[in-house]
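As structure tokens, the structure follows; a few thoughts come after it.
Numbering of ligands and ligand atoms starts at 1, following listing order.
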Amino acid sequence: MSEQVTERSDMWSNSFIFVLAAAGSAVGLGNIWKFPYIAGENGGGAFVLVYLICIAIIGIPVMVSEIMLGKLGRASPIQALLNLSRKHNRSTKWSIVGYMGVLTGFLILSFYAVVAGWVCYYILRLFTGEFSGADAGSVGEAFNTFLSDPWQVLLWFSIFMVITIFFVARGVTRGLELCVRYSMPAVFVLLLILIGYGIHAGGFVESAVFLFNPDFSALTREGVLIALGHAFFTLSLGMGAIMAYGAYVPQDVSVGTTTFTIAILDTVLALLAGLAIFAIVFANSLAPDAGPGLLFVTVPVAFGNLPGGTFFGGLFFLLVALAALTSAISISEPAIAYFSERNKISRAKIAVVIGVVCWVLGVGSVLSFNVWADVKLAFFDWTFFDSLDKITQLVLLPLGGLLIALIVGHVLPKQVVFEELGLVSPQIQRAWWIIVGFITPLAVFCVFIIEALGEITAHM
Ligand code: PHE
């Protein structure tokens, strides 16, 4: 037996460790950095509602499907899909979903690590007390000054990339488990402290109204697609990351229960982060639609004005960096698993190659905020960073998720799926099949079509 197989087959020794690993993948920059700023850009409440609906009717069924495919195929996503299609006499072309996932992983990791680099720099900035007593204006300016210096951004991006590749190369388990077990509850507590600041500073009620009182006039067509894409992004779905982790799930793990646990954890953390950040926004009369810099402006202002803020602020960014690290590790897993099973090259060498490719791509994202700020993708007005972010979130992840639902709903024999999920009652079998075979794919398909038609008519 090859080294990798032995190493991976005992990867998750029980269901709790699998939940930790999958939650570590799901909870990351998507929750703390991205969700608040896209909710802010898309008008709040109505967007949040669509996002929650997407999690429930699309995210959860796709997560169950991914874990199950991994568990049934017991290999990298590409190989797992090949194994399953051969075993059940189906077209091996379905493995294209696995290849798409590997590609998507490279694209996501390249820009994800750039933002994670910003977080790393902010650990230092907060621990040194740079923002104590600072007002929102100067904190915002400090962020812009940082982004405008390509070398600084490149440095922190490279640091995060090296750390990620180091852990990816070593193989994950132990460190990952410890990291998630302690840092996730700690993030939770610090978010509560920030909410406490919001209540004290007087922005909390407005924040809750902004996030939970749907104003449908503020929701655009693109907002619906963004909410859909984010449901995939935040749950790590549509590119095989969770499928790759699912390949090492012990046989007796209940896929349904683990999925619900992960989805609830992930959603609660995102909502808490949103509540905390908008409370700071409203308490300081900031703009909710400030874009990707929102986290880096609001949180330092709050900690800068809290007792013990230097320590707790530094700790907050440290924990966010750890959450980003456990997600980044999982983004590379489909590629790592695929190349190591094919080429029998060591995990370390593959990790370095992945790191170099993502680093080169990432330089484009680093420059998007300064030297290349005016270089835009024709027609869409996206920078290099925006393009990778949007193409993965708005197209590749939902498409991957759609295909995964189709595979589980229509390609695999139904009996195999029911058995694997332990669905015995015919009513439940039917309900599950209608959801994964029809509702989930149709919902994704409709959002795509409406968006495409809208784009076409808008440009006519
Ligand atoms: N879910 C992660 C986050 O919210 C990002 C991620 C996307 C991880 C895709 C794996 C796959 O930060």
Side-chain angles (χ1 to χ4, degrees), residues 19-39 51 54-55 58-60 62-63 66-67 70 76-77 97-98 100-119 160 164 167-168 172 176 179-180 183-184 187 226-246 259 262-274 292 295 319-337 354 358 388-401 404:
V19 170
L20 282 181
S25 167
V27 174
L29 296 177
N31 307 62
I32 298 162
W33 162 70
K34 198 167 205 188
F35 171 73
Y37 97 75
I38 57 176
Y51 155 79
C54 289
I55 296 277
I58 300 171
I60 289 179
V62 172
M63 187 179 280
E66 277 207 29
I67 300 176
S76 73
V97 180
M100 261 173 56
V102 169
L103 169 77
T104 311
F106 277 101
L107 302 180
I108 295 183
L109 187 55
S110 77
F111 75 82
Y112 197 84
V114 172
V115 180
W118 304 350
V119 174
F160 183 82
T164 303
F167 283 104
V168 169
V172 275
L176 201 108
C179 188
V180 180
S183 66
M184 205 126 69
V187 172
I226 295 178
L228 170 77
H230 188 67
F232 284 101
F233 185 87
T234 190
L235 292 176
S236 311
L237 300 174
M239 56 147 290
I242 292 291
M243 204 192 297
Y245 275 8
T259 298
I262 299 160
I264 289 172
L265 254 174
D266 188 80
T267 308
V268 167
L269 265 156
L271 295 176
L272 281 181
L295 173 75
L319 294 169
V320 176
L322 289 176
L325 180 64
T326 55
S327 299
I329 290 171
S330 77
I331 300 175
S332 72
E333 187 60 27
I336 285 275
I354 293 178
C358 288
L388 290 190
D389 176 34
K390 304 256 183 195
I391 291 168
T392 51
Q393 176 175 333
L394 305 186
V395 183
L396 293 172
L397 296 182
L399 188 61
I404 286 165

Side chain to side chain contact (heavy atoms under 4.5 Å, CB included) between I242 and S25: does it pass, once the steps are laid out? CA-CA 8 Å; I242 292 291; S25 167; 4.1 Å; yes
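- N31 contributes no side-chain N or O that, together with a main-chain N or O of T234, makes up a donor-acceptor pair within less than 3.5 Å.
- For ligand 1 and I331, the ligand atoms under 4.0 Å from any heavy atom of the residue are 8 (C), 10 (C), 11 (C).
- Of the protein's non-hydrogen atoms, F233 O, 3.4 Å is the one closest to atom 7 (C) of ligand 1.
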Step by step, work out the side chain to side chain contact (heavy atoms under 4.5 Å, CB included) result for K34 and L29. CA-CA 6 Å; K34 198 167 205 188; L29 296 177; 5.9 Å; no
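- The single protein non-hydrogen atom nearest to atom 8 (C) of ligand 1 is S236 OG, 3.2 Å, given as residue, atom name and distance.
- Any N or O atom pair closer than 3.5 Å counts here, and L235 shares no such pair with ligand 1.
- In this structure, the side chains of P334 and M239 come closer than 4.5 Å at one or more pairs of heavy atoms.
- Proximity of I226 to Y51: side-chain heavy atoms (C-beta onward) are nowhere separated by under 4.5 Å.
- Among all non-hydrogen protein atoms, the one lying nearest atom 12 (O) of ligand 1 is Y112 OH, 2.5 Å.
- Listed by number with element, the atoms of ligand 1 under 4.0 Å from a non-hydrogen atom of M239 are 9 (C), 11 (C).
- Close approach of ligand 1 to S25 is summarised as follows: ligand atoms under 4.0 Å from at least one heavy atom of the residue are 1 (N), 2 (C), 8 (C), 10 (C).
- Close approach to L29 involves these atoms of ligand 1, each under 4.0 Å from a residue heavy atom: 12 (O).
- Ring orientation note: the planes of F233 and F111 are close to parallel, at an angle under 30° on the 30°/60° scale.
- Residue A26 holds the heavy atom nearest to atom 4 (O) of ligand 1 of all those in A26, A270, G24, G238.
- Looking at L388, L103, L397 one by one, the single match for side-chain contact (heavy atoms from CB on, under 4.5 Å) with I108 turns out to be L397.
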